[in-house]
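This is a predicted model, so every value here is computed, not measured.
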Amino acid sequence: MPLANSTTTYGPLARAFHWLIALGILLMIPLGWIAHLAPMQDADQIALKTALFSAHKTLGVALFLLALLRILWALVQPKPVPLHPHRKGETLLAEAIHWVLYAALVIVPLSGWVEHAATDGFAPILWPFGQNLPFVPSSPQVAETAATVHFLSQWALVGALALHIAGVLKHTVLDRDATLARMARGTAAGTEGGHSGFAAPLALAVLIWAGVIGGGAAAGYFTQEGAPDAPALEAAASDWQVQEGTLSIALVQMGSEVTGSFADWTAAITFEPQDAPGKSGEVTVQIAIPSLTLGSVTKQAMGADFFDAETYPTATFQADLMNVADGYVAEGTLSLKGVDLPVSLPFTLTLDGDRAEMTGRTTLDRMGFAIGANMADPGQLSHEVEVIVALTATRSAE
């Protein structure tokens, strides 16, 4: 049995593509909405939401690849003639909706895939490849733009699908023709002849897509929310002035490392180098919590379940700088989210006259500060958070 289409019917391969993709869409759309609406207040709910999103993403990527095959096959096959070629307006609209659907089958899953690739750590695709994409950086801005395209294009898909189904019902119930039979059973129908061309339907489809994306832009869907305003930290009076430095954190979410850094922090440092073990100085570090960027989960990190930046906009680390046998350590107290806990931060120090270079790191237990208490499962979000500090400071002039 030949696989190809003819001018009066669809071949077995075209029909198989059609019904497989139709089934996938009927599964993917409700699965995505259920996943989006699912709560995530405790570990079990988070695990369920993750599983739902992983299934949705995996099905979406599979449908994207299947849609590419279907489109390529359609491009090299004859398209069966319209059953009512004299109905010019109806034929134009039907063919334009087909172009809209073809575009949606590419844009909807591809935008979701780009959002996933630009996002750190949540709900992996359920096979090894595809977690990252070439030329797609890990970026909150890219992820948010792709998510907006995904949201708008899904409604274009739903609208086009509704019109497509309505057209099929009209042909089946009112016209009583073989439109559905051609796709369901390969029934031959229609009079052989050429099509009027694809330029007009394609142009109409482009206008429809321009309306969807342009309308979304005009409505402000592509306007990205800025980070909450960080408190303005006053310059710290210090014997040593920090010239440059980074204060960053790293943790593991859903098996992927997520890193971030605080853009605004100050350090008041007193320090006198000495050879003998003991106290060499003191440091007070103030950190503006809303200045943290943590990949695509920055907004989530600022929420009440995590840093609760609106209620606790700053954190403070006060410590003695101790000279120990194998280097230095800052022994003190970290005040974060209303909790005071002892923290030890080992560091290395290189002195060159009045210039000092310092690097240090330590590991904190986020649960001790009630950060992400609703994500108690370390497989979802590691309890250990690595803190990395690096700075260059110069001694203030007397």
Side-chain angles (χ1 to χ4, degrees), residues 3-33 63 66-67 69-71 73-109 151-216:
L3 296 177
N5 296 351
S6 73
T7 57
T8 58
T9 190
Y10 292 97
L13 192 55
R15 299 202 309 274
F17 279 138
H18 177 277
W19 293 112
L20 282 174
I21 290 175
L23 177 61
I25 291 172
L26 292 177
L27 292 173
M28 185 177 66
I29 290 176
L31 183 59
W33 287 344
L63 281 175
L66 189 62
L69 293 175
R70 177 188 179 180
I71 293 170
W73 180 250
L75 290 175
V76 300
Q77 291 295 298
K79 183 176 174 62
V81 296
L83 294 184
H84 308 283
H86 58 284
R87 302 176 185 174
K88 301 295 185 181
E90 180 180 303
T91 300
L92 173 64
L93 179 61
E95 294 189 355
I97 293 302
H98 271 97
W99 282 108
V100 172
L101 281 171
Y102 280 147
L105 290 175
V106 173
I107 295 172
V108 174
F151 172 78
L152 294 173
S153 60
Q154 75 174 2
W155 288 111
L157 172 62
V158 169
L161 190 61
L163 288 174
H164 181 67
I165 293 172
V168 172
L169 290 174
K170 173 185 176 298
H171 282 287
T172 303
V173 178
L174 299 181
D175 297 338
R176 297 180 181 276
D177 60 30
T179 296
L180 181 58
R182 287 205 302 190
M183 183 56 75
R185 299 188 298 274
T187 301
T191 302
E192 291 191 13
H195 287 278
S196 58
F198 63 86
L202 179 59
L204 180 56
V206 170
L207 286 176
I208 292 171
W209 272 104
V212 171
I213 301 299

Query - Verdict with supporting geometry, His84 and His171, side chain to side chain contact (heavy atoms under 4.5 Å, CB included) - result: CA-CA 10 Å; His84 308 283; His171 282 287; 3.8 Å; yes

dist Leu13:CG -> His18:NE2 (nearest 0.5 Å) comes out at 13.5 Å

Check against side chain to side chain contact (heavy atoms under 4.5 Å, CB included), Leu157 and Ile29: CA-CA 10 Å; Leu157 172 62; Ile29 290 176; 4.3 Å; yes

I'd like to know if the side chain of Arg182 and the backbone of Ala188 have a donor-acceptor N/O pair within less than 3.5 Å.
no

Next item on the list: Decide side chain to side chain contact (heavy atoms under 4.5 Å, CB included) for Leu105 and Leu66; before the verdict, give the C-alpha distance in whole Å, the side-chain angles of both, and the deciding distance to 0.1 Å.
Entry: CA-CA 9 Å; Leu105 290 175; Leu66 189 62; over 6 Å; no

**OP:** Might you work through the side chain to side chain contact (heavy atoms under 4.5 Å, CB included) test for Trp209 and Ile107, ending with a clear yes or no?
**Re:** CA-CA 11 Å; Trp209 272 104; Ile107 295 172; 4.0 Å; yes

For this session: For the pair Arg87 and Asp175, find out whether any cationic side-chain nitrogen is under 4.0 Å from an anionic carboxylate oxygen.
Result: yes

One should read off an interatomic distance between Leu3 CG and Gln77 CD, to the nearest 0.5 angstrom, of 8.5 Å

When rounded to the nearest 0.5 Å, the distance separating CZ of Arg70 from CG of Leu75 is 11.5 Å

In short, Pro109 meets Ala104 closest at the heavy-atom pair CD-O, 3.6 Å

Salt bridge (Lys or Arg N to Asp or Glu O under 4.0 Å) pairs touching residues 153-166, sequence neighbours excluded, are none

**Study point:** Lys79 bridged to Glu95 by N-O distance under 4.0 Å
**Key:** no

For Thr9, the side-chain hydrogen bond (donor to acceptor under 3.5 Å, both in side chains) test, sequence neighbours excluded, returns none

Nearest heavy-atom contact between Ala14 and Asn5 is CB-OD1, 3.4 Å

With a 3.5 Å distance limit and no angle check, can you tell me whether Trp19 reaches the backbone of Met183 through a side-chain donor-acceptor pair? yes

Within the side chain of Arg15, is there an N or O that forms a donor-acceptor pair under 3.5 Å with the backbone of Tyr10? yes

The reported gap from CD1 in Ile21 to CE in Met28 (rounded to nearest 0.5 angstrom) is 10.0 Å

Heavy atoms of Thr8 and Gly190 approach each other most closely as CG2-O, 3.6 Å

Applying side-chain hydrogen bond (donor to acceptor under 3.5 Å, both in side chains) to Thr172 and not counting sequence neighbours gives none

NZ (Lys170) and OG1 (Thr179) are apart, to the nearest 0.5 Å, by 8.5 Å

What one should report as the nearest heavy-atom pair of Pro85 and Thr91 is CA-OG1, 4.4 Å

Of all heavy-atom pairs linking Ala74 and Tyr102, the shortest is CB-OH, 3.7 Å

So CG of Leu101 and CD1 of Ile25: to nearest 0.5 Å the spacing works out to 7.0 Å

- Message: Would you say the ring centers of Trp155 and Trp33 fall short of 6.0 Å from each other?
- Response: yes

Note: Leu152 and Gly216 closest approach over all heavy atoms is CD1-CA, 3.8 Å

